[in-house]
Number of protein chains: 2
Amino acid sequence: MESQILSWLRERYPRSPRLPVGIGDDAAILDLSDAPRAVVTTDMLMDGIDFEVAKCGPAKIGRKALAVNLSDLAAMAANPIAALVSLALPTNTELDFVTAMYHAMDQLATEFNVVIAGGDTNCWDHPLAISITAIGQVTARGALLRSGAIPGDQILVTGAFGGSILGHHFDFQPRVTEALQLHQQFELHAGMDVSDGLSLDLARLCEASGCAAEIEFDRIPIAPAARTLSEQDGVPAWRHALADGEDFELILAVPKATAQQLLSQQPLEVPLTRIGTFVDGAGLWQHNGRGDRIPLAPRGYLHGTDA
Amino acid sequence: MESQILSWLRERYPRSPRLPVGIGDDAAILDLSDAPRAVVTTDMLMDGIDFEVAKCGPAKIGRKALAVNLSDLAAMAANPIAALVSLALPTNTELDFVTAMYHAMDQLATEFNVVIAGGDTNCWDHPLAISITAIGQVTARGALLRSGAIPGDQILVTGAFGGSILGHHFDFQPRVTEALQLHQQFELHAGMDVSDGLSLDLARLCEASGCAAEIEFDRIPIAPAARTLSEQDGVPAWRHALADGEDFELILAVPKATAQQLLSQQPLEVPLTRIGTFVDGAGLWQHNGRGDRIPLAPRGYLHGTDA
């Protein structure tokens with residue numbers, strides 16, 4: 001089966017100027033001479049943890065596996081260029097399953113100008129695991145890091161949060177275009193994507209930047225799915241928004257004047273919302289709007305340590 | 001457990017000039033401005049397929065997982081610079097197991113100037129899988145491809161073949177230094193590493209180059225382990241040498257005059273041996289030295305399709 005897949009891949013992903021040597025040699029060659037600071041990230045998704053293969057089928061898995069990696073490149077405001085795909089397939093996997101996974105991956109890859117540059121396909125008597133490495137390039141504006149937030153910066157987020165388990169964790173759009181556009185046109189101090197939960201990831205950004213965050217609870221954009229889930233499980237929708245994770249929206253640290261401009265201009269197709277302010281200190285604080293604040297424990301899903 | 005590992009990794013692998021942003025942000029940044037053609041490769045190793053965790057322990061797994069990737073970079077005569085490590089760990093894995101795996105990986109990484117630039121650590125209720133992506137740089141001499149062999153070139157190999165299952169598949173030395181040295185100092189037309197079996201991989205090189213190979217059977221360097229295995233299983237040692245795989249030695253296509261020079265100079269610490277000649281046509285041929293030849297079926301272990 002592995003050789004069938006390799007033949008199929010070789011035909012499917014030919015060489016290109018960006019990829020002078022592609023699938024079929026010992027390694028792929030990527031020409032990065034136009035922007036030689038590479039951004040590299042890897043994410044492994046596993047059956048029973050990140051998806052349930054029996055329920056969701058191959059297409060959603062393929063798309064998600066690439067999308068989570070593109071979201072990491074978006075978090076750095078990097079231009080995606082290539083991906084490598086490693087598969088551990090259950091021995092009875094049909095070729096159709098694999099090609100369906102690749103077709104879905106491809107749609108997303110095409111949308112973001114990403115070439116599938118290689119991979120490693122293996123079989124075993126255990127569940128499916130898929131590990132993708134995405135490679136991007138730092139733009140002339142430099143990379144957007146987690147560590148640049150300073151007290152006084154406003155906390156802006158794209159989109160809405162919570163309830164992703166109802167479907168959004170498969171069909172989310174990695175915020176690549178949004179991150180590149182904002183980073184190109186505006187002064188951003190820091191950024192990251194929300195994979196493990198808004199509050200947990202915001203706490204990580206604070207830690208990396210050496211500051212604290214005061215969150216204005218009533219401003220957090222709550223996804224309709226968070227409300228649906230709340231009706232089902234009785235957990236408040238705001239708690240889903242803060243803790244569910246896999247929203248794959250951006251958290252940005254933006255100087256006050258720029259934030260005002262962004263909030264009034266709304267330059268993206270997705271809404272930008274201010275949810276609080278970075279302040280001196282450490283940790284997360286709940287700001288009640290009357291000048292009082294109480295500590296907020298970061299909550300989220302520790303589904304992996306992505307480095 | 002995942003957060004413990006991440007803290008450990010972050011301390012262990014600090015930033016460097018080559019790695020201005022390392023473990024802990026959404027992605028790593030690699031500065032490739034000194035040689036902006038990147039070589040990327042990925043290999044996934046799985047318990048029960050590439051190792052047996054209960055028998056071999058963590059150190060051999062960590063070393064092998066990185067070494068097979070470095071061997072792919074060697075095959076391209078690329079300079080290794082970084083690696084990303086994704087893990088699917090059985091839920092009951094101890095932190096000590098993971099750190100032992102990394103310590104072994106590190107020894108090899110240090111030896112080859114490779115930085116561990118990131119990864120993704122996950123747990124599940126299934127066996128261990130480890131997927132590494134290695135990134136290298138094409139040198140000023142360009143990349144060494146599979147596709148450059150021309151009829152008349154001599155087939156040279158490093159080291160000896162067969163019986164790697166007895167231990168060599170864990171302790172082999174990726175031929176990075178050898179490939180870089182030869183490619184720098186001599187005219188090489190094509191090259192690859194032997195992962196799936198000498199005859200199978202040679203057949204692949206022939207296919208990529210559009211030529212055939214005549215092998216002189218009695219010249220094939222047979223590893224002592226192939227003879228030991230032969231005594232155990234009754235299979236001729238030469239068959240082990242041709243088909244076992246995981247030797248991770250180099251096959252090179254070298255113009256005749258250069259080959260003579262290399263064979264007499266022996267510029268490497270490991271022996272260089274001529275095992276035949278590339279000729280017009282297709283496939284592998286067994287050359288009996290009396291002007292006759294018979295076709296040779298490529299044999300090897302299809303343990304994965306590495307692209």
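In what follows, chains are A, B, ... by sequence order, proteins preceding strands, each numbered from 1. Please read these numbers as outputs of a predicted model, since none were measured by experiment.
- No other option in A/M76, A/Q137, A/R37 has as many heavy-atom pairs under 4.5 Å with chain B as A/M76.
- The side-chain heavy atoms of B/R146 and A/D26, taken from C-beta on, include a pair separated by under 4.5 Å.
- Ranked by heavy-atom pairs shorter than 4.5 Å toward chain B, the options A/D31, A/N69, A/L144 are led by A/D31.
- Here the closest non-hydrogen pair linking B/D47 and A/W124 is O-CE3, 3.8 Å.
- For A/L87, the part lying near chain B is the backbone, with the side chain staying farther off; criterion is any non-hydrogen pair under 4.5 Å.
- In terms of heavy-atom proximity, A/M44 sits nearest to B/D120 at N-OD2, 2.7 Å.
- Residue contact with chain B, scored on non-hydrogen atoms closer than 4.5 Å, involves the backbone and the side chain of A/A129 alike.
- Heavy-atom distances place both the backbone and the side chain of B/V39 under 4.5 Å from chain A.
- Between B/T133 and A/V40, the closest side-chain pair of non-hydrogen atoms is not below 4.5 Å.
- Ranked by heavy-atom pairs shorter than 4.5 Å toward chain A, the options B/I135, B/V85, B/L145 are led by B/L145.
- Taking all atoms of both residues into account, the shortest heavy-atom contact from A/I49 to B/C123 is CD1-O, 3.4 Å.
- With rounding to the nearest 0.5 Å, the separation of CG in B/D25 from CG in A/L205 is 8.5 Å.
- Only the side chain of A/V138 comes within less than 4.5 Å of a heavy atom of chain B; its backbone N, CA, C and O stay farther away.
- Highest contact tally toward chain A, considering only B/S33, B/A208, B/A75, B/P127, is held by B/P127 [criterion: heavy-atom pairs under 4.5 Å].
- A/S86 and B/T42 share a donor-acceptor pair across their side chains, judged by distance under 3.5 Å alone.
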